[in-house]
Amino acid sequence: MAKAIPSRSENYSEWYNELIKKADLAENSAVRGCMVIKPYGYSIWEKMQRALDDMFKETGHSNAYFPLFIPKSYLSKEASHVEGFAKECAVVTHYRLKNAEDGSGVIVDPEAKLEEELIVRPTSETVIWSTYKNWIQSYRDLPLLINQWANVVRWEMRTRIFLRTAEFLWQEGHTAHATKAEAEAETRQMLDVYARFAEEWMGVPVVRGSKTPNERFAGAEDTMCIEAMMQDGKALQAGTSHFLGQNFAKAFDVQFLNKANQQEYVWGTSWGVSTRLMGALIMAHSDDDGLVLPPKLAPIQVVIVPIYRNEEQLAQLSERILPLVKDLRKAGVSVKFDDSDTNKPGWKFAEYELRGVPVRLAMGMRDFENGTVEIARRDLKTKETVPFDGILERIQALLDDIQQSIYQKALAFRQANTFKVDTWDEFKDQIEKGGFIMAHWDGTSETEEAIKEETKATIRCIPFDAEDEAGTCVFSGQPSARRVVFARAY
RNA sequence: CGGGGUGUAGCGCAGUCCGGUUAGCGUACCUGGUUUGGGACCAGGUGGUCGUAGGUUCGAAUCCUACCACCCCGACCA
């Protein structure tokens with residue numbers, strides 16, 4: 001058991017960290033808070049990118065690229081925006097190094113100070129809206145529907161691999177519209193895209209809703225989000241979509257001439273998901289034996305392990321297996337035939353389980369003679385011996401089944417850990433046990449902050465699907481019309 | 001950024017308190033042989049700026065100072 005990882009119940013965060021290292025997803029770098037995403041982890045991210053990018057294109061968006069550096073002055077143009085980000089910005093002040101005169105190494109050349117400092121983007125609203133000003137003159141230029149795949153930097157005090165890193169990868173959509181209604185519809189449309197991606201691709205059920213004013217994006221009029229529950233009962237914000245109103249249009253003077261020949265400010269949205277989704281994927285499904293990946297995002301969907309004593313046996317097995325490999329690839333299934341003789345079958349079984357490969361086939365001489373093959377599924381750790389004939393169809397059906405099954409399991413977990421709570425004592429008691437708490441809230445920031453202060457729980461969102469239900473605030477006793485989701489969050 | 005902990009071979013660790021042969025163990029890796037249906041076995045080997053930089057000392061992994069990174073708790077955080 002050379003590569004065993006700690007159990008979830010023993011130490012959840014150590015389990016998370018070790019799993020990421022052992023499954024070869026990523027590692028910490030020499031730079032504080034920054035990570036190296038390793039090939040196996042990056043290929044999962046690439047699959048996420050591909051699926052999301054397709055969905056963005058289907059909804060009419062185009063990709064573009066804006067600069068990494070933002071002039072300092074841009075950041076101050078939208079008041080609440082700068083307030084939200086100022087404390088965590090990396091700043092470029094010089095553009096040249098030189099050798100120290102005492103030979104001690106390289107130093108920043110004091111003569112190469114920048115006239116105006118550059119901010120490494122924490123998000124790109126400012127640089128993009130300053131560009132949109134030049135691109136938009138008429139209602140005919142709208143809507144402007146743009147996405148960019150990029151890295152951003154936020155100088156976080158406390159980092160956690162994938163969940164909160166100083167530099168992370170993401171996509172950020174930035175759109176401009178002629179009307180408020182259109183921008184609002186876009187905000188909701190992209191949130192729904194994220195929810196569909198989380199549920200159908202990642203197998204992670206999410207709650208859709210709006211943030212409270214306290215938790216809103218700096219510069220937005222409404223922030224919608226999807227919230228997922230991790231296996232320790234904590235919430236993870238998995239994606240956000242912001243209705244920006246005319247805030248950035250006004251800050252960067254982006255106006256257009258409407259059909260009636262009148263100048264109007266445009267309406268904006270922005271929306272993003274990041275490599276944090278990798279953290280969500282890991283924490284939602286994986287177990288004490290390692291990663292559990294949904295087939296739609298698994299870099300290797302099927303691994304085939306031959307069990308042989310000598311070259312002749314391997315040749316025989318290969319002759320039967322290789323056509324299957326070819327057929328699987330033709331059917332769009334990513335498959336690895338691991339005929340390496342560097343490790344024994346037992347080692348390979350454990351290794352591919354650690355890496356979360358959804359389906360494993362094993363074939364030895366016993367199967368070869370019986371015309372059978374052993375098929376195992378990662379999520380349930382079950383295996384059975386089945387006829388080799390028809391295995392292709394069986395694999396495809398099993399991949400579909402696993403995709404559904406891990407979603408259903410995560411959904412059942414969330415349902416079992418979501419509680420309606422009506423008294424403050426009950427609230428304090430339940431929050432210690434974890435999970436989502438559905439409770440009434442009086443709608444004030446004061447109450448929200450007081451609850452956070454006392455319990456570390458935040459309002460994750462005001463869910464769209466909450467039913468109207470008259471009640472009283474769990475903290476203040478004031479009247480409330482519907483329940484909101486409280487939880488401790490990452 | 002405050003409190004606590006850690007940093008020694010690719011990985012996991014001992015040694016540090018109380019300075020003193022050539023810095024050790026497990027695993028991985030290499031070679032040969034035997035093995036192969038759940039992380040094989042035997043034998044022989046390779047691999048170390050002891051986190052970095054200074055200092056104390058005849059002598060530093062060990063003592064002192066500063067810095068860097070990681071982990072846990074807090075503050076901060078869309």
Side-chain angles (χ1 to χ4, degrees), chain A residues 1-6 11-14 16-18 21-22 24 27-35 80-81 83-89 104-105 122-123 125 152 154-161 163-166 168 170 172 210-220 222-227 236-242 244 270-274 276 289-290 305-311 313-314 317 339-354 360-368 370 372-374 376 381 383 385 452-453 456 458-461 489-490:
Chain A
M1 296 291 279
K3 275 186 135 181
I5 54 177
N11 187 336
Y12 195 79
S13 50
E14 201 185 332
Y16 176 77
N17 287 326
E18 283 300 308
K21 274 190 251 177
K22 298 280 163 57
D24 234 11
E27 59 191 34
N28 283 304
S29 72
V31 182
R32 179 191 142 73
C34 296
M35 64 180 164
S80 60
H81 190 67
E83 201 179 316
F85 288 105
K87 283 178 283 184
E88 51 183 37
C89 287
S104 60
T123 179
E125 274 78 5
V152 288
R154 295 178 189 178
W155 215 260
E156 301 286 355
M157 286 303 162
R158 194 170 163 192
T159 60
R160 246 165 159 299
I161 200 157
L163 297 178
R164 178 170 283 113
T165 46
F168 56 93
W170 76 345
E172 47 182 326
S210 276
K211 288 291 187 191
T212 61
N214 263 2
E215 301 272 331
R216 226 172 248 164
F217 173 74
D222 185 16
T223 287
M224 301 180 186
C225 62
I226 51 172
E227 293 285 329
L236 183 75
Q237 177 179 300
T240 47
S241 184
H242 314 292
L244 303 176
S270 67
W271 27 275
V273 294
S274 70
R276 174 179 254 207
D289 294 313
V305 179
I307 298 156
Y308 56 95
R309 288 166 201 277
N310 52 50
E311 288 297 317
Q313 290 187 350
L314 176 60
L317 291 167
D339 61 350
S340 64
D341 60 356
T342 45
N343 292 109
K344 289 180 47 170
W347 190 92
K348 293 176 183 174
F349 295 166
E351 183 67 15
Y352 291 112
E353 274 161 15
L354 184 58
R360 184 189 71 229
L361 298 187
M363 188 189 287
M365 293 316 287
R366 196 168 69 214
D367 288 306
F368 184 83
N370 296 341
T372 56
V373 65
E374 183 187 272
K381 298 256 299 173
K383 58 186 180 184
T385 297
K452 185 179 179 184
E453 178 69 25
K456 290 191 234 167
T458 50
I459 298 176
R460 302 315 305 158
C461 70
Y490 277 98

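Chain identifiers are assigned alphabetically (A, B, ...) following the order of the sequence lines, protein sequences preceding nucleic acid strands; residue numbering begins at 1 within each chain.
- Distance, A:Gln313 CD to B:G37 P: 11 Å, rounded to whole Å.
- Contact annotation for A:Pro122: base contact, defined as any heavy-atom pair under 4.0 Å involving a base atom.
- Projected onto RNA chain B by closest heavy-atom contact, A:Asn214 and A:Lys381 fall at different nucleotides, the more 5' of which corresponds to A:Lys381.
- Under the side-chain contact (heavy atoms from CB on, under 4.5 Å) criterion, A:Asn214 pairs with A:Thr212, A:Ser445, A:Glu448, A:Glu449, not counting sequence neighbours.
- Pair check for B:C30 finds B:G44; Watson-Crick or G-U wobble, both atom distances under 3.5 Å.
- Pair assignment for B:U36: none, as no Watson-Crick or G-U wobble contacts are both less than 3.5 Å.
- Listed by chain and residue number, A:Glu18 satisfy the salt bridge (charged side-chain N to carboxylate O under 4.0 Å, His left out) test with A:Lys21 (two or more places apart in sequence, or in another chain).
- In this structure, A:Arg309 reaches the B:U36 phosphate: one of its side-chain N or O atoms is under 4.0 Å from OP1 or OP2.
- For the side-chain contact (heavy atoms from CB on, under 4.5 Å) test, residues two or more places apart in sequence or in another chain that qualify with A:Asn310 are A:Glu312, A:Gln313.
- Searching all strands for a Watson-Crick or G-U wobble partner of B:U49 with both distances below 3.5 Å returns nothing.
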Which atom pairs link the protein and nucleotides 4-6 of chain B when you take only N or O atoms and keep those under 3.5 Å?
none

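- Rounded to the nearest Å, the gap between the P atom of B:G37 and that of B:G45 is 30 Å.
- The separation of B:U65 from B:C17, taken at their P atoms, amounts to 15 Å, rounded to a whole angstrom.
- Among the atoms of the strands shown, none is found under 4.0 Å from any heavy atom of A:Arg276.
- With sequence neighbours left out, the salt bridge (charged side-chain N to carboxylate O under 4.0 Å, His left out) criterion links A:Glu374 to A:Arg360.
- In terms of position on RNA chain B, the residue among A:Gln237 and A:Lys383 whose nearest nucleotide sits closer to the 5' end is A:Lys383.
- Side-chain to base pairing of A:Asp367 with B:G37: one donor and one acceptor N or O lie within less than 3.5 Å of each other.
- Partners of A:Trp170 by ring-ring contact (aromatic ring centres under 6.0 Å, His included), not counting sequence neighbours, listed by chain and number: A:Phe168.
- When both pairing distances are held under 3.5 Å, B:G59 makes no Watson-Crick or G-U pair with any nucleotide shown.
- A distance of 7.0 Å separates CD in A:Glu311 from CG in A:Asp341, rounded to the nearest 0.5 Å.
- Among the atoms of the strands shown, base atoms are found under 4.0 Å from some heavy atom of A:Ala362.
- Comparing B:U46 with B:G10, their C1' atoms sit 13 Å apart, to the nearest whole Å.
- As rounded to whole Å, 11 Å separates atom C1' of B:G38 from atom CG of A:Asp289.
- A:Leu314 has its CG atom 15 Å from the C1' atom of B:G37, to the nearest Å.
- By the salt bridge (charged side-chain N to carboxylate O under 4.0 Å, His left out) test, A:Glu172 pairs with no residue at all, sequence neighbours left out.
- Using atom P as the reference point in both B:C25 and B:A43, the two lie 15 Å apart (nearest Å).
- For B:U6, the paired nucleotide is B:A69, the pair qualifying as Watson-Crick or G-U wobble because both relevant distances are below 3.5 Å.
- Distance, A:Arg360 CZ to B:G39 P: 12 Å, rounded to whole Å.
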Protein-nucleotides 40-50 of chain B N/O pairs under 3.5 Å:
{"residue": "B:A40", "atom": "O4'", "partner": "A:Lys344", "partner atom": "NZ", "Å": "3.2"}

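- With rounding to the nearest 0.5 angstrom, the CG atom of A:Asn28 is 11.5 Å from the CZ atom of A:Arg160.
- As a whole-Å value, the separation of A:Glu353 CD from B:G39 P is 12 Å.
- Base-pair partner of B:C18: not found among the strands shown (Watson-Crick or G-U wobble, both distances under 3.5 Å).
- Atom pair A:Asp341:CG and B:U34:C1' shows a separation of 14 Å (rounding to whole Å applied).
- Between atom CD1 of residue A:Ile459 and atom NZ of residue A:Lys452 there is a gap of 11.0 Å, rounded to the nearest 0.5 Å.
- When the side-chain contact (heavy atoms from CB on, under 4.5 Å) test is applied to A:Asp222, the partners found at least two apart in sequence or on another chain are A:Ser210, A:Met224, A:Phe243.
- Under the salt bridge (charged side-chain N to carboxylate O under 4.0 Å, His left out) criterion, A:Glu88 pairs with no residue at all, not counting sequence neighbours.
- Straight-line distance from the CG atom of A:Asp24 to the C1' atom of B:C11: 12 Å, rounded to whole Å.
- When the P atom of B:C77 is taken as reference, atom CD of A:Glu156 falls 10 Å away, rounded to whole Å.
- Nucleotides B:A60 and B:G15 are separated by 14 Å at their C1' atoms, to the nearest Å.
- A:Lys87 comes within contact range of the sugar-phosphate backbone alone, with a heavy-atom separation under 4.0 Å but no base atom that close.
- A sub-4.0 Å separation between OP1 or OP2 of B:G39 and a side-chain N or O of A:Lys348 is absent.
- Nucleotide B:G24 forms a Watson-Crick or G-U wobble pair with B:C13, both donor-acceptor distances falling under 3.5 Å.
- In this structure, A:Glu227 and A:Lys211 have side chains that are in contact, with non-hydrogen atoms separated by less than 4.5 Å.
- For A:Tyr12, the ring-ring contact (aromatic ring centres under 6.0 Å, His included) test picks out A:Trp15, with sequence neighbours left out.
- As the counterpart of B:A75, no nucleotide is assigned, since no Watson-Crick or G-U wobble pattern has both distances under 3.5 Å.
- To the nearest 0.5 Å, atoms CG (A:Asn343) and CD (A:Glu351) are separated by 8.0 Å.
- The gap from the P atom of B:G2 to that of B:C11 amounts to 29 Å, rounded to the nearest Å.
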Per-nt protein contacts along nucleotides 69-74 of chain B (heavy atom under 4.0 Å; B base, S backbone sugar-phosphate only, - none) come out as SSSSBB
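- Using atom C1' as the reference point in both B:G19 and B:C72, the two lie 32 Å apart (nearest Å).
- On the C1' atoms, B:U62 is 10 Å away from B:C50, given to the nearest whole Å.
- With rounding to the nearest 0.5 Å, the separation of CZ in A:Phe217 from NE2 in A:His81 is 5.0 Å.
- Residue contacts for A:Trp170: at a heavy-atom cut-off of 4.0 Å it reaches a base atom on one of the strands shown.
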